[in-house]
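Quick note: residue numbers are just sequence positions, from 1.
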Amino acid sequence: MTSTLSRRSLLGAALAAGVVLVAEATPIKAFAAPGDVTLTAGGISLLASPGGRLAIRDAGGVTRSAGSKFQVKDSVAGVLTSTGGTPTLSALADGTPAIRMDYTFDAAAGSTVVTGWFSVSTSHARLEWRITGPNTLIPDGFLFSRAIQAPTAPDDYIAITEWVRDAGGGIPYEDTVGVAHTSTWNSSLHGLFLLDRSRQAWTNATWVHSPGVADPAGGWTSRADFFFSETRPSATATIGRGRELGIELTTNSDFNLYESAGAPMALTALVANGGAAKAVELELWMRSFDGVLLASTTVTGNVAAAGTWQHTFNLTAPSGIALAEVVVRSGDDEAFARTNLAVLPTYDYQAGAASMFGIANYPWLQRPSADAVLDLWQRAGINLVRIAYDGGPGLPPSAFDARGMQHNVELQPSLTVTDAEAAAWAADKLAVATVAGAGYFEVGNELNRPFNTGDAAQAYLDKVMRPVFDRRAVTGDTVKLMNNGLAGMDKPWVENFIAAGGWDLIDAFAYHPGRGNFTPDYIPPGDDWGTGAVGTYWNFYGGLMQLKALMAEHGQKEIWLTEAYAATKPNSWWHDTYRHAAENILLSLALAKAEGIRCVCWYQFHDSVLGMPQIADPDNVEYHFGLMNRDLSPKPSLLAYATAARVLDQATFRGKLSFADPLTSGLWFDTPDGPAVVLWNRADGYILNTAGQRTDWHFPAPEVWVDPWPTKTPLTVAASSAVRELDAIGQARTLPVTNGKVTLTLDGAPRVYYGLVPHASGAGTQTLAGCRPSRMPKVIG
């Protein structure tokens with residue numbers, strides 16, 4: 001990804017130089033008693049004691065955090081934890097009073113040396129550890145201890161992000177400028193440890209993950225800043241680190257979702273100022289999915305030095321989804337933020353256990369609460385979660401049982417174990433699935449490497465699938481078995497698995513239809529599908545057709561797509577734009593329903609990486625698979641998923657529709673609301689993101705409201721009544737019917753139509769009544 005020089009780079013340089021600005025700097029006082037050292041500034045003090053103890057105290061002298069140890073990780077010696085420490089009063093290179101802590105370790109640490117340097121300024125403590133030792137030390141494994149004293153709310157893990165504009169062109173995106181571990185003691189006193197990066201999964205009530213960075217002088221430096229604050233973490237970071245302007249957007253509704261168009265929306269911008277007092281200009285614009293400017297306004301205000309200013313824009317909910325951007329400016333300084341706001345009404349789904357709609361991950365990001373997330377899952381139509389078991393990640397099975405949601409289990413084995421170990425694993429994990437009440441046990445995940453060779457099939461059969469099958473025969477458990485969800489539809493693997501006798505061991509077949517910059521209905525030519533980073537192996541419909549051909553020969557199985565996706569890595573030609581993702585989700589799910597797929601588990605619900613939730617990572621593809629944005633607002637993808645779930649909830653597939661124009665495609669479903677017809681046209685081809693200047697992976701993605709399909713193909717058909725059209729995100733419009741005819745405008749975006757008259761046309765084909773092309777396609781240039 002090509003990016004501008006973000007303020008993260010400048011921030012890193014400022015911290016390295018020890019530049020941290022706050023208003024009204026207060027004198028620093030130092031005091032050394034026998035064994036103890038104290039540093040005090042306005043609103044904060046540090047007390048260091050023999051044994052390595054470091055206490056952070058508030059303005060009243062109350063200890064709020066206390067720790068005494070530092071931990072390093074060595075690839076040879078393992079985890080090494082300090083056994084003590086001696087504090088002395090010292091000074092930083094610029095003369096600032098500081099506490100020096102010389103930590104002690106046992107003999108196993110060898111030449112490893114850790115020295116702490118701690119200093120204070122107004123309401124701020126700067127904590128730094130300098131580590132030297134053998135090159136076997138693993139700097140990503142460094143941690144420091146701390147225990148929060150008498151908090152009034154659970155600690156939290158908050159990403160501090162900024163929006164940046166891509167210098168290579170395309171859409172803006174978020175990047176992370178810090179990670180905050182936050183604490184609360186009362187309604188006005190908050191504190192946070194702010195680090196450049198830190199894994200939530202490696203942090204607990206005792207330890208904070210504080211990875212080291214290489215020091216030019218040798219060794220590594222691990223750093224954290226602590227701030228007392230009365231404002232939100234993002235504003236605290238802006239002010240405490242001396243950045244000029246920062247901005248954060250919030251709304252008055254969970255997930256920025258509203259029940260109906262026209263509902264009042266409150267979008268609040270919190271502006272933080274890390275510099276001198278200044279006048280600011282706050283500019284808002286908001287556009288619909290179709291590009292309509294829904295709001296545009298500018299207000300002015302003043303922000304105190306090291307202070308905040310808040311303004312709320314009162315808006316109206318759109319009919320579908322809207323993108324809002326707010327920019328704050330003062331002189332040459334500018335910061336901006338974006339978010340989505342959308343309408344998603346509640347819906348009474350009826351399919352129940354027969355529903356095709358699932359999610360591939362347990363709900364591991366439960367913001368603002370587990371109940372709120374499950375409420376939204378059910379509002380969007382999700383009825384099955386791929387992984388749920390007691391003691392496992394996410395929520396227990398009982399949470400889904402209480403809501404009438406189905407749940408399965410997926411557990412990962414090894415292919416390199418002994419027969420005895422394989423049998424023990426099978427017994428243990430089959431029991432886990434059974435006790436969980438899982439409907440299906442997916443035995444492993446993507447164990448078909450190297451892809452498209454079939455090499456791993458025999459080991460999987462011998463070490464995993466057969467032991468589990470044999471164990472189930474002994475116990476009589478009724479949980480159904482499916483193979484490990486293959487990465488891509490790996491035809492050679494499946495053929496080898498069948499040849500070795502594996503087909504009779506499974507009740508259902510699972511795979512992950514990975515997809516690059518191809519439309520979901522694309523079937524690559526030939527049989528030589530490359531598995532490289534941009535290989536045609538990564539397609540949706542072609543692989544599914546391969547699988548169905550194998551099943552026609554060897555016997556039918558339920559088909560489960562246990563991970564399907566539409567990744568939205570920004571400005572990457574191989575991945576979906578936000579608009580294409582919505583279109584491709586609707587079409588993927590419609591094709592899955594048409595092909596009799598038992599369940600599609602969408603991967604995944606939130607943009608984030610497990611273990612580092614909400615940490616913006618624009619360059620990491622894995623971060624961009626969610627139906628929801630990092631800030632918990634909906635992508636168009638969420639509305640597309642919900643649209644498919646509602647249209648197809650009780651749908652029965654009747655057949656594919658044929659047209660005189662071979663580039664026009666259609667699917668016919670019967671529903672309680674009458675025939676639902678999905679139509680699209682491929683005049684612009686099956687390959688996405690081909691326009692514009694592509695450099696390496698970079699593609700200047702258009703804004704979400706930009707129509708990417710230049711060719712519009714009209715089609716006139718008979719209509720029995722008023723015709724209702726739904727776009728990919730569920731926006732409805734009524735099309736005029738004249739003399740029993742309606743003219744549709746088709747392009748590469750799938751749309752759903754009610755009120756048309758599909759029928760059998762002979763020779764086993766179906767079409768639309770009165771179907772004829774109206775005129776030549778029109779290219780909108």
- Looking at W202 versus F142, is the centre-to-centre ring distance below 6.0 Å? no
- Message: Just to verify, which of V609, T176, I160 counts as forming a side-chain contact (heavy atoms from CB on, under 4.5 Å) with I615?
- Response: T176
- Query: Run the side chain to side chain donor-acceptor pair (under 3.5 Å) check on D156 and T182 step by step: do they pass?
  - Reply: CA-CA 5 Å; D156 207 350; T182 67; 5.0 Å; no
- Item | Between R57 and T63, a side-chain donor and acceptor under 3.5 Å | no
- Item | Flag, side chain of S253 to backbone of L257, donor-acceptor distance under 3.5 Å | yes
- Can you find a side-chain donor-acceptor pair between S369 and D371 that sits under 3.5 Å? no
- Message: Determine whether a donor-acceptor pair (N or O, by modelled atom type, separation under 3.5 Å) exists between the side chain of W377 and the backbone of I359.
- Response: no
- Task: Check the pair D102, R100 against salt bridge (charged side-chain N to carboxylate O under 4.0 Å, His left out), reporting the backbone distance first and the verdict last.
- Result: CA-CA 7 Å; D102 292 292; R100 171 174 174 157; 3.0 Å; yes
- Which of these passes side-chain contact (heavy atoms from CB on, under 4.5 Å) with M101: S49, P87, S90? P87
- Message: Is there a salt bridge (charged side-chain N to carboxylate O under 4.0 Å, His left out) between D375 and R403? Walk through the geometry before answering.
- Response: CA-CA 9 Å; D375 287 346; R403 290 172 172 263; 2.8 Å; yes
- Item | Heavy-atom neighbours of K278 NZ exceed 12 at 6.0 Å | yes
- Item | Spatial distance of atom CG (L143) from atom OG1 (T203) [nearest 0.5 Å] | 6.5 Å
- Message: Do M286 and L323 have side chains that approach each other closer than 4.5 Å (heavy atoms only, starting at C-beta)?
- Response: no
- Query: Would T83 and T104 satisfy side chain to side chain donor-acceptor pair (under 3.5 Å), going step by step from the backbone distance to the final call?
  - Reply: CA-CA 6 Å; T83 57; T104 58; 3.2 Å; yes
- Message: Going by ring pair (Phe, Tyr, Trp, His ring centres under 6.0 Å), F70 matches just one of W129, F105, W220. Which one?
- Response: W129
- Item | Ion pair check, E325 and R165, cut-off under 4.0 Å | yes
- Message: For a 4.5 angstrom cut-off between non-hydrogen side-chain atoms, does I247 reach L270?
- Response: no
- Message: Here's a test for you: under side chain to side chain donor-acceptor pair (under 3.5 Å), which of R630, Q614, R338 qualifies with E174?
- Response: R630
- Message: Is it the case that the side chains of S75 and T136 hold a donor-acceptor pair, with the cut-off being a distance below 3.5 Å and no angle test?
- Response: no
- Note on the structure: Here the pair of heavy atoms bringing A266 nearest to N314 is CB-OD1, 4.3 Å
- Task: May I have the step-by-step check of side chain to side chain donor-acceptor pair (under 3.5 Å) for T231 and T236, ending in yes or no?
- Result: CA-CA 6 Å; T231 187; T236 300; 5.4 Å; no
- Message: Within the structure provided, determine whether L282 and V271 are in side-chain contact (heavy-atom separation under 4.5 Å).
- Response: yes
- Item | Minimum heavy-atom distance between P634 and A342, given as atom pair plus value | CG-CB, 3.8 Å
- Compute whether any side-chain donor of one residue and acceptor of the other, for Y578 and N340, lie under 3.5 angstrom apart. no
- Query: Could you state the interatomic distance from CD (E281) to OG1 (T298), rounded to the nearest 0.5 Å?
  - Reply: 5.5 Å
- Could you tell me if the ring centre of F144 sits under 6.0 Å from that of W207? no
- Message: Taking CD in E230 as the centre, count heavy atoms belonging to other residues, nucleotides or ligands within less than 6.0 Å. Is the count above 12?
- Response: no
- Over all heavy atoms of both residues, which pair between L632 and L365 is shortest? Give the atoms and the distance, please. CD2-CD2, 4.1 Å
- Any chance you could measure L249, atom CG, to T268, atom OG1, to the nearest 0.5 Å? 9.0 Å
- Message: Quick one: does any side-chain atom of D74 pair with a main-chain N or O of G78 as donor and acceptor, under 3.5 Å?
- Response: no
- Query: How far does CZ of R329 sit from CD of E283, to the nearest 0.5 angstrom?
  - Reply: 4.5 Å
- How far does CD1 of I239 sit from OG of S229, to the nearest 0.5 angstrom? 6.5 Å
- Distance flag, aromatic centroids of H124 and F226, threshold under 6.0 Å: no
- Query: Can T238 and N273 be counted as having a side-chain donor-acceptor contact under 3.5 angstrom?
  - Reply: no
- Verify whether one side chain among D155 and S183 offers a donor that lies under 3.5 Å from an acceptor in the other. yes
- To the nearest 0.5 Å, tell me how far S68 OG sits from R146 CZ. 13.0 Å
- Under-4.0 Å salt bridge between R197 and D140: yes
- Query: Between F255 and R367, is there a cation-pi geometry (under 6.0 Å to ring centre, at most 45° from the normal)?
  - Reply: no
- Worked check of side chain to side chain donor-acceptor pair (under 3.5 Å) between S222 and S210: CA-CA 6 Å; S222 175; S210 183; 2.5 Å; yes
- Message: Taking ring pair (Phe, Tyr, Trp, His ring centres under 6.0 Å) as the criterion, tell me which of F227, Y157, F193 meets it with H181.
- Response: Y157
